[in-house]
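Take a look at the structure below.
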Amino acid sequence: LDELLLEPKIKLEQYPTTAHLAARMLYTAHTTYDDIENKAVGDFGCGCGILSIAAAMMGSAYNVGFDIDPDAIAIAQRNCEEFEIEMDFILTDLSATPAPSSSDAESSSNSRGPYEMMKGKLDTILMNPPFGTKLKGIDMVFLKKGIDLANHAVYSLHKTSTREHILKKAKEWGVECEVVAELRYNLDKSYKFHRKQSLDIAVDFLRFEKRPRPEKAV
């Protein structure tokens, strides 16, 4: 991508997903699990759009990016134009949007926000969420909302140090969680407070699959 976030915002923990990580995530989701081709894909905290653009190149049927930062969405839109990819964007604060509930289906569409309106429409959710360095627990908020919104699977990156906590939460939420791979996230110096030019972080590439609901006996 020609354009990345030139001035990342500290409070949003905006760190770019590297091309290597994006390729690894999408290749696995596509070839191993068939969660990309002909699927409707959502990208949480889409940033410059690298995950969505990769999904589109692998044959996704529909792509939509969610982000709180209009500057990031503007860059993602330009990147999509460059690659001649169609993609929708939703400007929203995922940390504040309430998770969808069963009562949403009964409420009128006029009273529902753009996030809730996507309920039932996305097969797969991709994300590289904030790690929670600035806002503790934000990674789990993103993850829970992704699981609530996806019809089938969620792919996400999280610090390996949080693995046991995430596996426990996945069990509580009633979803299958698989540690697909342990990767190295080479984080280049992005902010003035960073003391090192780069930092190598151990991250888990996780796949969450929603269990089908048992059919009610007639």
Side-chain angles (χ1 to χ4, degrees), residues 1-9 12-97 99-100 109 112-130 138-139 141-143 145-157 205-208 210:
L1 300 181
D2 289 338
E3 294 192 75
L4 296 174
L5 292 169
L6 299 180
E7 296 182 6
K9 299 175 175 63
L12 301 181
E13 294 189 51
Q14 291 177 324
Y15 300 105
T17 304
T18 65
H20 173 74
L21 281 178
R24 181 69 180 273
M25 291 176 70
L26 270 297
Y27 180 80
T28 301
H30 173 57
T31 61
T32 304
Y33 301 99
D34 192 27
D35 283 330
I36 301 298
E37 188 174 8
N38 298 320
K39 303 297 192 298
V41 178
D43 184 353
F44 273 19
C46 63
C48 65
I50 188 170
L51 294 178
S52 293
I53 290 172
M57 289 179 171
M58 292 183 179
S60 57
Y62 172 74
N63 290 91
V64 58
F66 300 76
D67 208 290
I68 191 176
D69 185 6
D71 295 332
I73 288 180
I75 291 172
Q77 287 173 324
R78 291 196 291 271
N79 285 328
C80 285
E81 290 174 3
E82 180 180 343
F83 285 92
E84 299 182 348
I85 287 171
E86 292 186 4
M87 178 177 173
D88 289 336
F89 295 93
I90 294 177
L91 181 64
T92 185
D93 182 358
L94 289 168
S95 69
T97 306
S109 60
R112 299 164 67 190
Y115 172 86
E116 288 80 7
M117 291 292 288
M118 296 305 295
K119 179 66 174 175
K121 297 181 180 180
L122 299 176
D123 303 301
T124 304
I125 298 287
L126 310 170
M127 69 175 84
N128 178 11
I138 188 64
D139 54 334
V141 172
F142 269 59
L143 181 57
K145 288 192 169 74
I147 290 171
D148 286 337
L149 196 59
N151 290 339
H152 182 63
V154 175
Y155 292 84
S156 188
L157 296 173
F205 174 30
L206 304 177
R207 179 181 186 267
F208 301 84
K210 299 177 78 168

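Count residues from 1 along the sequence. The figures that follow rest on heavy atoms only: side chains count, while hydrogens, waters and symmetry mates do not.
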Could you check whether any side-chain heavy atom of [X] comes within less than 4.5 Å of a side-chain heavy atom of [Y], counting everything from C-beta outward?
X: Val64; Y: Lys121; answer: no
X: Leu51; Y: Tyr155; answer: no
X: Asp34; Y: Lys39; answer: yes
X: Ser156; Y: Phe142; answer: no

Looking at [X] and [Y], would you say the former's side chain and the latter's main chain have a donor-acceptor pair under 3.5 Å?
X: Asp123; Y: Ala40; answer: yes
X: Asn79; Y: Cys48; answer: yes
X: Asn38; Y: Ala61; answer: no
X: Lys210; Y: Ile147; answer: yes

With sequence neighbours left out, the residues meeting side-chain hydrogen bond (donor to acceptor under 3.5 Å, both in side chains) with Ser60 are Asn63
So which pairs with a foot in residues 30-81 pass ring-ring contact (aromatic ring centres under 6.0 Å, His included), sequence neighbours left out?
Phe44-Phe66
Please name the residue in the list Ser52, Cys80, Pro70 that meets the side-chain contact (heavy atoms from CB on, under 4.5 Å) test with Phe89.
Cys80
His152: which residues meet the side chain to side chain contact (heavy atoms under 4.5 Å, CB included) condition with it, sequence neighbours left out?
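Result, side chain to side chain contact (heavy atoms under 4.5 Å, CB included) vs His152: Asp35, Arg207, Glu209.
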